[in-house]
Amino acid sequence: MAEVLIVRDEEEAGALAAEAIVNLIRSKPDAVLGLATGSTPLTTYGALARRIHDEGIDVRRVRGFALDEYVGLSAGHPESYRSVIAREVVGPLSLTPEHVRVPSGDPATIRTAGSDYEAAIDAAGGVDLQILGIGRTGHIGFNEPGSSLASLTRVKTLTESTRRDNARFFESACDVPMHCITQGIGTILRARHLMLLAFGHAKADAVAAAVEGAVSTSSPGSAIQLHPHATVIIDEAAASKLEFIAYYRHAWSNKPEWQGI
Ligand code: F6R
């Protein structure tokens, strides 16, 4: 099962996630990070940026692979995930821009973009630590309900619910692209450590389904139950529909110090 850590707020979650990433980079200076976009990982990137700069951590060899990208936005569109990753991750963390990849959502090359991306992840030796958010539909990456648990990077159609949720980043819901290219659930499961974060009541159902529901394509997040090292970091609101909450707290407060997360 996933290890579930229930924290006070997004800041505490970001600090915990950053600690795990710093430990990884210290032990493996060319670590490969799987990078989520959206609101959820922002405190993680913020905390990580502060640690990197305050402690002078050398991240020049760190590599990164974004989870997903919209199809059809112009290269310089401010809400393309290429732009978002450059603005919110590569810049603040001082990563080497050439070491960070985002799947290409260019319609001209979209037929081969998925297999190219898989080959690039393989060539990098796989992802060491994958940061994940979860959508209200239960999606991880942009693997909407029904996505095969064995899927690899490919084009998907976004649900209308996800398009509405992401409309906040665009002028209107109509401007949110209909299609995306996303790492598959099979791709995500190959990462060596999954770290899923979620905050707020709106995520409580998706979190409960992912952590305690049946493993099913109907709740793509439930695939984390198949992974040998999955950490779920959530606030009280996102944890509010979990059944075994007392057990998660008990396990966390009695966790052997040497174990780390
Ligand atoms: C983002 C991604 C999505 C988001 C999810 C939650 O790269 O793959 O799965 O993590 O839609 O989005 P936020 O964090 O904005 O609530």
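- By the 6.0 Å contact criterion, NE2 on His53 is enclosed, its count of non-hydrogen atoms from other residues, nucleotides or ligands being greater than 12.
- Taking the six-membered ring where tryptophan is involved, the planes of Tyr248 and Phe244 are perpendicular, since the angle between them exceeds 60° and thus also 30°.
- By the neighbour-count criterion of 12 heavy atoms within 6.0 Å, atom CZ of Arg111 is sparsely surrounded, having that number or fewer from other residues, nucleotides or ligands.
- Judged by distance alone, with hydrogens and angles left aside, the side-chain atoms of Glu144 form no donor-acceptor pair with the main-chain N or O of Lys156 at under 3.5 Å.
- The cluster map of Ile, Leu, Val, Met, Phe, Trp and Tyr, joined by side-chain heavy atoms under 4.5 Å apart, puts Ile233 and Val22 in the same cluster.
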Side chain to side chain contact (heavy atoms under 4.5 Å, CB included) between Leu48 and Ile52, worked out = CA-CA 6 Å; Leu48 189 54; Ile52 287 169; 3.9 Å; yes
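- Between the side chains of Thr153 and Glu118, at least one donor-acceptor pair of N or O atoms lies under 3.5 Å.
- With contacts defined as side-chain heavy-atom distances shorter than 4.5 Å, the pair Glu236/Val7 does not qualify.
- Connection of Phe199 to Met195 is established within a shared hydrophobic cluster, with ILVMFWY side chains joined at heavy-atom distances below 4.5 Å, either directly or through further cluster members.
- For residues 40-49, no residue pair satisfies the side chain to side chain donor-acceptor pair (under 3.5 Å) rule, not counting sequence neighbours.
- Remark: Lys255 engages Glu3 in a salt bridge, criterion side-chain N to carboxylate O under 4.0 Å.
- A donor and an acceptor atom, one from each side chain of Ser216 and Ser219, are nowhere located under 3.5 Å apart.
- In the hydrophobic clustering of ILVMFWY residues, with side-chain heavy atoms under 4.5 Å counting as a link, Ile131 and Val207 come out apart.
- Leu196 places none of its side-chain heavy atoms less than 4.5 Å from the side chain of Thr231.
- No more than 12 heavy-atom neighbours from other residues, nucleotides or ligands sit within 6.0 angstrom of CE on Met178.
- Shown are Ile134, Leu197, Val211, Leu242; of these, the side-chain contact (heavy atoms from CB on, under 4.5 Å) with Ile234 is made only by Leu242.
- Rounding to the nearest 0.5 Å gives a distance of 7.0 Å between CG of Leu194 and CD1 of Ile224.
- When side chains are defined from C-beta on, Val84 does not count as touching Val102, because their heavy atoms never get closer than 4.5 Å.
- Side-chain contact between Leu33 and Val127: absent, with no pair of heavy atoms (C-beta onward) separated by less than 4.5 Å.
- Proximity of a side-chain donor or acceptor of Glu12 to a complementary backbone N or O of Arg8 within less than 3.5 Å is detected.
- Here the side chains of Leu158 and Phe142 are in contact, with some heavy-atom distance below 4.5 Å.
- Listed by chain and number, the residues in a salt bridge (Lys or Arg N to Asp or Glu O under 4.0 Å) with Arg101 amount to none (sequence neighbours excluded).
- Using a 4.0 Å cut-off between a side-chain N of Lys or Arg and a carboxylate O of Asp or Glu, Glu19 and Arg51 qualify as a salt bridge.
- When only modelled atom types and interatomic distance are considered, Arg154 and Asn143 share a side-chain donor-acceptor pair under 3.5 Å.
- Applying the 6.0 Å contact sphere to CD of Glu171 captures no more than 12 heavy atoms from other residues, nucleotides or ligands.
- Every pair passing ring pair (Phe, Tyr, Trp, His ring centres under 6.0 Å) that includes a residue from residues 147-187 is listed here, sequence neighbours excluded: Tyr70-Phe170, His77-Phe170.
- Of the possible donor and acceptor atoms, none in the side chain of Arg164 sits under 3.5 Å from a partner among the backbone N and O of Ala173.
- For NE2 of His250, the number of neighbouring non-hydrogen atoms (other residues, nucleotides, ligands) closer than 6.0 Å is 12 at most.
- Smallest separation of non-hydrogen atoms from Ala66 and Pro103: O-CD, 3.8 Å.
- When every heavy atom of Ala86 is checked against every heavy atom of Pro92, the shortest pair comes out as O-CD, 4.2 Å.
- Residues Arg136 and Thr162 bring no donor and acceptor atom of their side chains to less than 3.5 Å of each other.
- Cluster membership check: Val62 shares its hydrophobic cluster with Val89, using side-chain heavy-atom separations under 4.5 Å among Ile, Leu, Val, Met, Phe, Trp and Tyr.
- Listed for the Asp235 side chain is no donor-acceptor partner under 3.5 Å among the backbone atoms of Asp9.
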